[in-house]
Amino acid sequence: MRILGIESSSLVASVAVVEDEVLTAEYTVNFKRTHSQTLLPMLDEIVKMVELDLETIDAIAVSGGPGSFTGLRIGSATGKGLGLALKKPLVSVPTVDAMAYNLYGSAYRVCPIMDARRNQVYTGIYDNRDGFSVIKEQCPMDIEELVEELNAAGQKVIFLGDGVPVYKKQIQEKITVPFLFAPAHLNRQRAAAVAALGSRYYEEGKTLTAAEHAPDYLRKPQAEREREEKGEESHGS
């Protein structure tokens, strides 16, 4: 089984190929460039380097959200375009799940945090000691409420994601259980994890057509929320 993974939910742009539980290739860049400029050239480079015939892939696993609205749209469009052209199914992999999958087998509870602004994070809680188990499904949440929930659970926890540098100080001040922050090679989104978890979901039959796929933003875009807030203020006055 050969799965192509695409990750574009944050500043990270990443493409990977996983074949029969082996990572064949991965191209990851964490730099301020538009994903529309990076994803297809990265895929083209992988195709050349490992002499990959895209017709031989079984499915395309796409990081399905939450995350950057622009990034998710670009990743989704890339996956949908490839799926339509190659006549291959898509696997929508929840972004936070894929991040937690980076730490498969961890003895600590795994808690990815993506910065969602305004003291909010996109997060989830996972128990990976005996494989991969979702304790709390991905959701938007106030960082202080999240730390309170982790404290109440009484389990040691490891954090990863771009929310760590933003909320690290708050976490250190408020958390009462043993904790760690994941190291550099494990603390961001990776297409390898999307493809690996996508392989598992593919075997479970969790596929959809290219036409059916759409990102899961978990909440409305900031501009739309601000318009609604202004509308409510105007209505209230």
Side-chain angles (χ1 to χ4, degrees), residues 1-7 9-10 12 14 16-24 26 28 58-67 89-114 121-141 143 145-164 167-168 171 174-208 216 218:
M1 179 174 54
R2 183 176 286 167
I3 304 294
L4 171 67
I6 297 173
E7 170 57 70
S9 64
S10 68
V12 174
S14 185
V17 178
V18 167
E19 182 175 359
D20 298 330
E21 299 186 0
V22 174
L23 176 62
T24 305
E26 183 181 28
T28 300
D58 293 289
I60 301 158
V62 180
S63 180
L90 266 63
V91 181
S92 185
V93 179
T95 299
V96 180
D97 288 15
M99 293 174 70
Y101 209 64
N102 279 337
L103 296 168
Y104 185 95
S106 172
Y108 282 53
R109 284 275 174 96
V110 179
C111 185
I113 53 174
M114 300 171 65
V121 292
Y122 296 121
T123 189
I125 301 172
Y126 303 82
D127 185 341
N128 289 353
R129 288 174 295 179
D130 296 315
F132 179 73
S133 178
V134 181
I135 302 299
K136 183 184 184 68
E137 292 188 354
Q138 63 176 24
C139 63
M141 193 172 185
I143 185 63
E145 291 178 2
L146 172 62
V147 173
E148 287 176 7
E149 184 170 327
L150 292 167
N151 287 340
Q155 301 288 326
K156 54 188 181 182
V157 60
I158 183 167
F159 296 93
L160 69 154
D162 61 19
V164 169
Y167 300 108
K168 188 173 186 177
I171 292 170
K174 301 289 186 180
I175 199 153
T176 58
V177 296
F179 69 98
L180 292 172
F181 296 113
H185 64 298
L186 297 172
N187 69 9
R188 292 293 187 275
Q189 291 90 330
R190 291 183 60 182
V194 174
L197 187 52
S199 299
R200 175 172 168 170
Y201 289 164
Y202 176 78
E203 289 183 325
E204 294 173 0
K206 297 178 181 177
T207 64
L208 63 168
D216 181 7
L218 286 190

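Hydrogens, waters and symmetry mates play no part in the numbers below; they use all other heavy atoms, side chains included.
Residues Leu103 and Ile158 have side chains in contact (heavy-atom distance under 4.5 Å, counting atoms from C-beta outward). Within the 4.5 Å cutoff, no side-chain heavy atoms of Tyr126 are placed close to those of Ile135. For the pair Tyr202/Asp58, a side-chain contact is recorded, criterion being any heavy-atom separation below 4.5 Å from C-beta on. Using a 4.5 Å cut-off on side-chain heavy atoms (C-beta onward), Met114 and Gln189 make contact. Two residues are said to be in side-chain contact when any heavy atoms from C-beta on lie closer than 4.5 Å; Met1 and Glu19 fail this criterion. Looking only at side-chain heavy atoms (C-beta outward), Val96 and Pro66 come within less than 4.5 Å of each other. At a threshold of 4.5 Å between non-hydrogen side-chain atoms, the residues Leu23 and Arg190 count as touching. Contact annotation: the side chain of Lys136 approaches that of Glu149 to within less than 4.5 Å [non-hydrogen atoms, C-beta and beyond].
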Side-chain polar contacts of residues 180-188 - donor-acceptor pairs under 3.5 angstrom, sequence neighbours left out - could you list them?
from, atom 1, to, atom 2, distance (Å)
Arg188, NH1, Gly161, O, 3.3

When the side chains of residues 105-112 are checked against the rest of the protein, which donor-acceptor pairs come out under 3.5 Å, sequence neighbours left out?
from, atom 1, to, atom 2, distance (Å)
Ser106, OG, Tyr108, N, 3.0
Ser106, OG, Tyr108, O, 3.3

- Message: What verdict does the side chain to side chain contact (heavy atoms under 4.5 Å, CB included) test give for Tyr201 and Asp97, after you've listed the backbone C-alpha separation in whole Å, the side-chain angles of each residue and the deciding distance to 0.1 Å?
- Response: CA-CA 12 Å; Tyr201 289 164; Asp97 288 15; 3.5 Å; yes
Take Lys174 and Glu148 through the salt bridge (charged side-chain N to carboxylate O under 4.0 Å, His left out) test and state the conclusion after the steps.
CA-CA 8 Å; Lys174 301 289 186 180; Glu148 287 176 7; over 6 Å; no
- request: Apply the test side chain to side chain contact (heavy atoms under 4.5 Å, CB included) to residues Ile113 and Val164: give CA-CA distance (whole Å), side-chain angles for both, the deciding distance (0.1 Å), then the verdict.
  value: CA-CA 7 Å; Ile113 53 174; Val164 169; 4.0 Å; yes
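Of all the heavy atoms in Ala59 and Val91, the pair that sits closest is CB-CG2, 4.2 Å. Minimum interatomic distance between Ala61 and Ile3 (heavy atoms only, all atoms of both residues): CB-CG2, 3.8 Å. The minimum heavy-atom distance linking Leu208 with Ser92 is given by the pair CD2-N, 3.8 Å. A pairwise comparison of heavy atoms in Gly67 and Tyr122 identifies N-CE1, 4.1 Å as the closest pair. Closest approach of Gly5 and Ala191 over heavy atoms only: O-CB, 3.6 Å.
Atoms CG and CZ, on Asn151 and Phe179 in that order, are 10.0 Å from each other to the nearest 0.5 Å. One distance of note links CD of Glu21 with OG of Ser199; it measures 8.0 Å at 0.5 Å rounding. In this structure, CD1 on Ile171 lies 7.5 Å from CG on Leu146, to the nearest 0.5 angstrom. Within the model, atoms OH of Tyr104 and CG of Leu197 stand 10.5 Å from one another, a figure rounded to the nearest 0.5 Å. The CD atom of Glu137 lies 10.5 Å from the CG atom of Leu218; values are rounded to the nearest 0.5 Å. For the atom pair CD1 (Ile6) and CG (Leu4), the distance works out to 5.0 Å, reported to the nearest 0.5 Å.
The backbone N or O of Arg129 sits less than 3.5 Å from a side-chain atom of Asp127, completing a donor-acceptor pair. One N or O on the side chain of Glu26 and one on the backbone of Ala192 form a donor-acceptor pair closer than 3.5 Å. In this structure, the side chain of Ser9 does not engage the main chain of Gly65 through any donor-acceptor pair within 3.5 Å. A donor-acceptor pair is defined here as one N or O able to donate and one able to accept, closer than 3.5 Å; such a pair exists between the side chain of Asn128 and the backbone of Ala100.
Of the N and O atoms on the side chains of Ser63 and Glu7, at least one donor lies less than 3.5 Å from an acceptor on the other residue.
For Glu204, the CD atom sits in a packed shell: over 12 heavy atoms of surrounding residues, nucleotides or ligands are nearer than 6.0 Å.
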